[in-house]
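Please read the structure below before turning to the comments.
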Amino acid sequence: MTTTENTERSVPKPVFTDAEAGAKEFPDSGPSARRYNYFKPAKRKQTHYEDVTVEVQPDPRHYLTQGWIYGFADGSNGYPLTWTKLKAWGVDDPEPVRGPGSGGKPVENWPAHGWHEFRDPNEEWELTMYRYNANVVRQVTQNVENARNAKAFDQWTPNWVHFVERNVGAWMHIEHILGLYVFAACNRSGPTNMHNTAMAVNSEHKIRFAQDLALYNLTLTEEIEGFDGSAHLEAWNSDAEWQGVRKVTEALTAVHDDWGEMIFATNIVFEPLLGELFRSNLVMQAAAGNGDYVTPTVIGSGEYDYAQRDLRWTQACFGPLVQDREFADHNKQIFNGWLQNWVPQCLEAARQLQPLWSQPDAKPPRFEDALDRAKSRFSGILTDLGLETPKELSQ
Amino acid sequence: MSRQSLAKAHQKIQELSWEPQYHEPYMKYGTDYTFKKAAKKDPLKQVLRSYFPMQEEKDNRVYGASDGAIRGNMFRQVQERWLEWQKLFLSIIPLPEISAARSMPMLFQAVPNPELHNGQAIQMIDEVRHSTIQQNLKRLYMNNYIDPAGFNNTLRNFHSDYCGTIGRQFAEGFITGDAITAASIYLTIVAETAFTNTLFVAMPAEAAANGDYLLPTVFHSVQSDESRHISNGYATLLMALSDEGNRQLLERDLRYAWWNNHRVVDAAIGTFIEYGTKDRRKDRESYAEMWRRWIYDDYYRAYLLPLEKYGLVIPHDLIEESWNQIWNKGYVHEVAQFFATGWLANYWRIDGMTDEDFEWFEYKYPGWYDRYGKWWENYNRLSRPNGHHAIVAEDVDYVYPHRCWTCMVPCLVREDMVVDKVDGQWRTYCHEACRWTDAVAFRPTYQGRETPNMGKLVGHREWETLYHGWNWADVISDMGFVRDDGKTLTAQPHLDLDPKKMWTLDHMRRMPHVASPNVILNEMSDSEREAFVADYNAQGPAGRPAGAKS
């Protein structure tokens with residue numbers, strides 16, 4: 001039998017330091033010093049969301065004493081306020097000029113411009129975004145799994161199988177493109193951390209929803225005999241019904257150097273006129289009649305993302321610009337120009353979708369009624385923003 | 001996750017890859033790199049259906065630990081010396097994290113491989129996580145640690161402070177200039193793959209040794225995401241290497257990114273680990289030992305060297321020189337001494353070194369006491385206000401250094417300082433590699449080749465310039481580093497919270513004015529400047545005047 005010598009392990013020793021709040025009294029030891037004091041909260045008391053997002057992205061008009069230290073080749077640097085044509089009050093006021101002996105010139109009268117007034121009404125940060133999206137994917141997975149176990153897909157009519165494999169399948173591409181090449185692409189461009197974080201979260205919703213649809217498509221391929229898991233590619237690439245929507249979707253990614261237009265055109269124009277038209281006014285209406293209670297739960301999760309969260313932040317972002325104390329007229333002109341450009345494109349694409357309404361055996365409400373609902377919803381969103389319905393909507 | 005296998009699910013989502021048919025996406029961010037060959041596979045193979053619940057679970061563990069730390073009175077055993085340096089670290093780090101999120105769309109546009117975009121999108125989401133979870137950790141410290149001053153206004157202070165801008169390179173460098181230089185080489189290939197080892201692994205271990213187990217809880221959770229980001233960088237690098245025309249740019253960017261990361265990260269993290277700790281066990285690793293293991297062996301030898309066979313030109317000379325700086329030239333010690341010299345221009349309290357610290361340093365870095373010991377004894381002697389000035393204005397055989405125009409860390413290894421006239425201005429550089437970065441690399445042509453997308457080094461890169469001729473009391477008031485009694489400084493050169501022992505604006509008022517070394521340099525005649533350079537190069541170690549006894 002051998003014995004092991006009991007040598008003392010080398011480990012750090014705990015030390016009582018009494019370094020907890022309230023242990024001593026000294027300047028700044030009181031409760032009033034225990035809050036972030038470098039920004040003005042939107043309401044009386046600062047929120048947890050504000051604490052973890054506000055001012056993480058600095059602004060030379062506030063405390064950025066030495067200015068931005070890297071520049072692009074064209075001389076721009078940081079987060080230029082000119083990366084959208086929209087304007088918030090104060091943006092044309094000059095930045096503090098700093099140089100030898102100038103001091104830091106911190107701006108005491110803050111915010112220096114209106115972009116800093118934006119707060120995401122969803123108050124998204126890492127804790128909320130993981131909780132929300134984890135709940136969604138759990139629920140979607142359970143719904144699909146439950147349907148699979150219950151052999152629910154056996155109830156689908158053949159035409160509905162065809163409809164889902166081609167058309168619900170095609171929609172995944174739209175969500176993916178918007179998620180990556182509109183919302184994620186813009187999260188480098190917004191004027192404040194709150195804008196960019198909201199865009200990143202919007203992007204997550206889209207990319208997740210696209211993947212949910214793709215994985216749902218994979219399940220259906222495994223569960224339904226004859227379900228063609230690649231038909232969505234053919235529909236997306238070639239079906240005449242989808243080419244209009246595809247054209248608009250791609251155009252949204254091609255907006256020239258204006259994050260405001262990209263987001264506005266997508267969430268204010270495209271989503272109600274095409275997104276909700278397809279998701280809520282076609283798939284959600286048609287599915288039950290064709291023996292399908294599962295697809296609406298998958299589609300519904302994406303619809304909830306838009307209707308309850310993504311639209312909310314977008315309205316909070318753009319609404320105040322319509323009432324801006326300095327640039328209201330300028331912004332209305334810009335918004336109206338965008339509406340004139342994007343509404344006809346979306347309506348044309350919507351009309352190209354019309355044949356889809358005839359494909360299921362059990363017909364959904366008529367296309368014209370669905371489009372009217374979408375238009376009505378769109379008008380309501382514009383009214384909430386303080387914008388007038390463009391004449392192009394009546395086309 | 002559903003019953004579908006991850007590999008199958010990942011394969012399925014590749015069907016989402018988009019080839020534009022009607023409109024090409026707007027390319028906002030340019031690069032001089034080209035990607036004509038060899039598309040790579042998405043190395044992450046991550047789908048959001050499993051990603052979100054996984055991250056939520058990680059969050060649950062982090063926030064559970066946070067609650068436990070408060071209930072268990074963790075702050076009764078955290079070392080103030082350590083937590084004070086976190087006021088600087090947690091000011092800096094949320095910005096690089098969120099900047100990393102912002103840099104991902106630059107890659108969507110620059111790297112024409114839709115399969116990689118999935119991994120980049122997930123990295124974007126991770127980085128939003130890191131930034132906000134770190135802001136939240138700082139908030140927890142502010143609420144529960146004895147001295148909230150400095151935590152409560154970090155995002156103002158960081159942008160005013162005399163060394164905060166050094167850290168800001170580790171953010172702006174990710175999002176500005178050539179998209180591949182910034183978002184791929186500087187961020188993922190060097191910063192994340194090499195230096196997050198010391199940032200997010202070595203440093204949290206030191207936190208735990210100082211009674212703080214929340215920093216490791218948060219940062220190890222963060223690091224578990226970083227390993228995925230490293231895969232993103234590797235895939236992009238291999239794609240870049242497939243195009244012969246990129247090799248010249250890769251060589252340039254690796255040299256810049258390596259040297260800048262060494263200058264910035266080793267300065268900060270080296271100081272936190274060596275001078276922020278109370279753990280002086282002789283068998284705990286020094287920063288130099290950690291660096292040798294994590295960066296030299298794990299990154300340089302295990303990651304970079306194998307890439308040589310693919311044609312990557314590795315900056316062996318700069319890697320060896322970085323080690324030389326850390327081991328032979330006392331880089332970390334010189335930086336810590338500079339931080340402490342200017343304690344009054346900071347917003348955290350810097351504890352002096354004790355006999356136990358001296359013994360540890362001498363054991364780990366033989367010869368340390370002869371170089372730095374006397375200065376730290378002076379630091380302790382001058383730490384309580386007693387009719388003398390703060391150490392920066394006292395004669396302690398320390399010549400206030402010039403800033404490096406490129407990395408903005410001062411030129412502390414005096415013999416390496418070089419001067420050059422660039423863009424019509426005389427500039428000092430801490431090392432020839434930093435001069436090259438400004439004068440050669442960040443230019444619209446490189447070795448005769450057009451590089452129209454390369455970024456520029458801009459801004460007021462010497463902090464002292466802004467306060468040239470100012471009284472110190474006014475400087476500190478202007479920066480806002482004053483406590484709620486309106487006179488006591490946020491920063492102190494000791495940890496004693498007895499108000500009678502704390503420095504106030506009244507003490508500062510009596511000090512000589514601030515002078516900008518760069519303004520003075522540009523006022524010199526050619527002969528004066530030559531004499532200045534010769535004298536500066538003869539200074540040190542430990543900032544001693546030329547000719548002073550070591």
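All figures in this text were calculated on a predicted structure; none of them were measured in a lab.
Side-chain contact between B/Ile146 and A/Glu20 is absent, with no heavy-atom pair separated by less than 4.5 Å.
Both tests hold for B/Lys28 against A/Trp83: distance to the six-membered ring centre under 6.0 Å, angle to the ring axis within 45°.
Note on ring orientation: taking the six-membered ring where Trp is involved, the planes of B/Phe75 and B/Tyr145 are tilted (angle from 30° to 60°).
Using a 4.5 Å cut-off between heavy atoms, A/Lys105 contacts chain B through its backbone alone, with no side-chain atom that close. With a 4.5 angstrom heavy-atom cutoff, A/Ile69 touches chain B via backbone and side-chain atoms both. Contacts between A/Tyr79 and chain B at a heavy-atom distance below 4.5 Å involve the side chain alone, from C-beta outward. Only the backbone of B/Asn453 has a heavy atom closer than 4.5 Å to any heavy atom of chain A. For A/Ile177, the part lying under 4.5 angstrom from a heavy atom of chain B is the side chain only. Within the 4.5 angstrom heavy-atom criterion, atoms from both the backbone and the side chain of B/Arg168 approach chain A. Within the 4.5 angstrom heavy-atom criterion, only backbone atoms of B/Glu19 (N, CA, C, O) approach chain A. Residue A/Val140 touches chain B through its side chain alone, counting heavy-atom pairs closer than 4.5 Å. Within the 4.5 angstrom heavy-atom criterion, atoms from both the backbone and the side chain of A/Val56 approach chain B. If you measure heavy-atom distances from A/Val182 to chain B, you find no contacts under 4.5 Å at all.
Checked against the 6.0 Å centroid criterion, the rings of B/Phe174 and B/Tyr186 qualify as a close aromatic pair. The distance between the ring centers of A/His48 and A/Trp125 falls below 6.0 angstrom.
Chain A forms the most heavy-atom pairs under 4.5 Å with one residue out of B/Val78, B/Leu497, B/Thr488, and that residue is B/Leu497. The candidate with the highest count of non-hydrogen atom pairs below 4.5 Å against chain B, out of A/Ala214, A/Ser76, A/Gly71, is A/Gly71. Interface remark: of the candidates A/Tyr63, A/Phe16, A/Tyr70, A/Phe26, A/Tyr70 forms the most heavy-atom pairs closer than 4.5 Å to chain B.
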Q | Audit row: A/Asn187, A/His195, side-chain contact (heavy atoms from CB on, under 4.5 Å) steps and yes/no | A | CA-CA 8 Å; A/Asn187 105 107; A/His195 290 89; over 6 Å; no
Q: Report the C-alpha separation of B/Phe158 and B/Leu95 in whole Å, then their side-chain angles, then the decisive distance to 0.1 Å, and conclude whether the side-chain contact (heavy atoms from CB on, under 4.5 Å) test is met.
A: CA-CA 10 Å; B/Phe158 169 45; B/Leu95 178 62; 4.0 Å; yes
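Shortest non-hydrogen contact noted between A/Gly190 and A/Asn196 is N-OD1, 2.7 Å.
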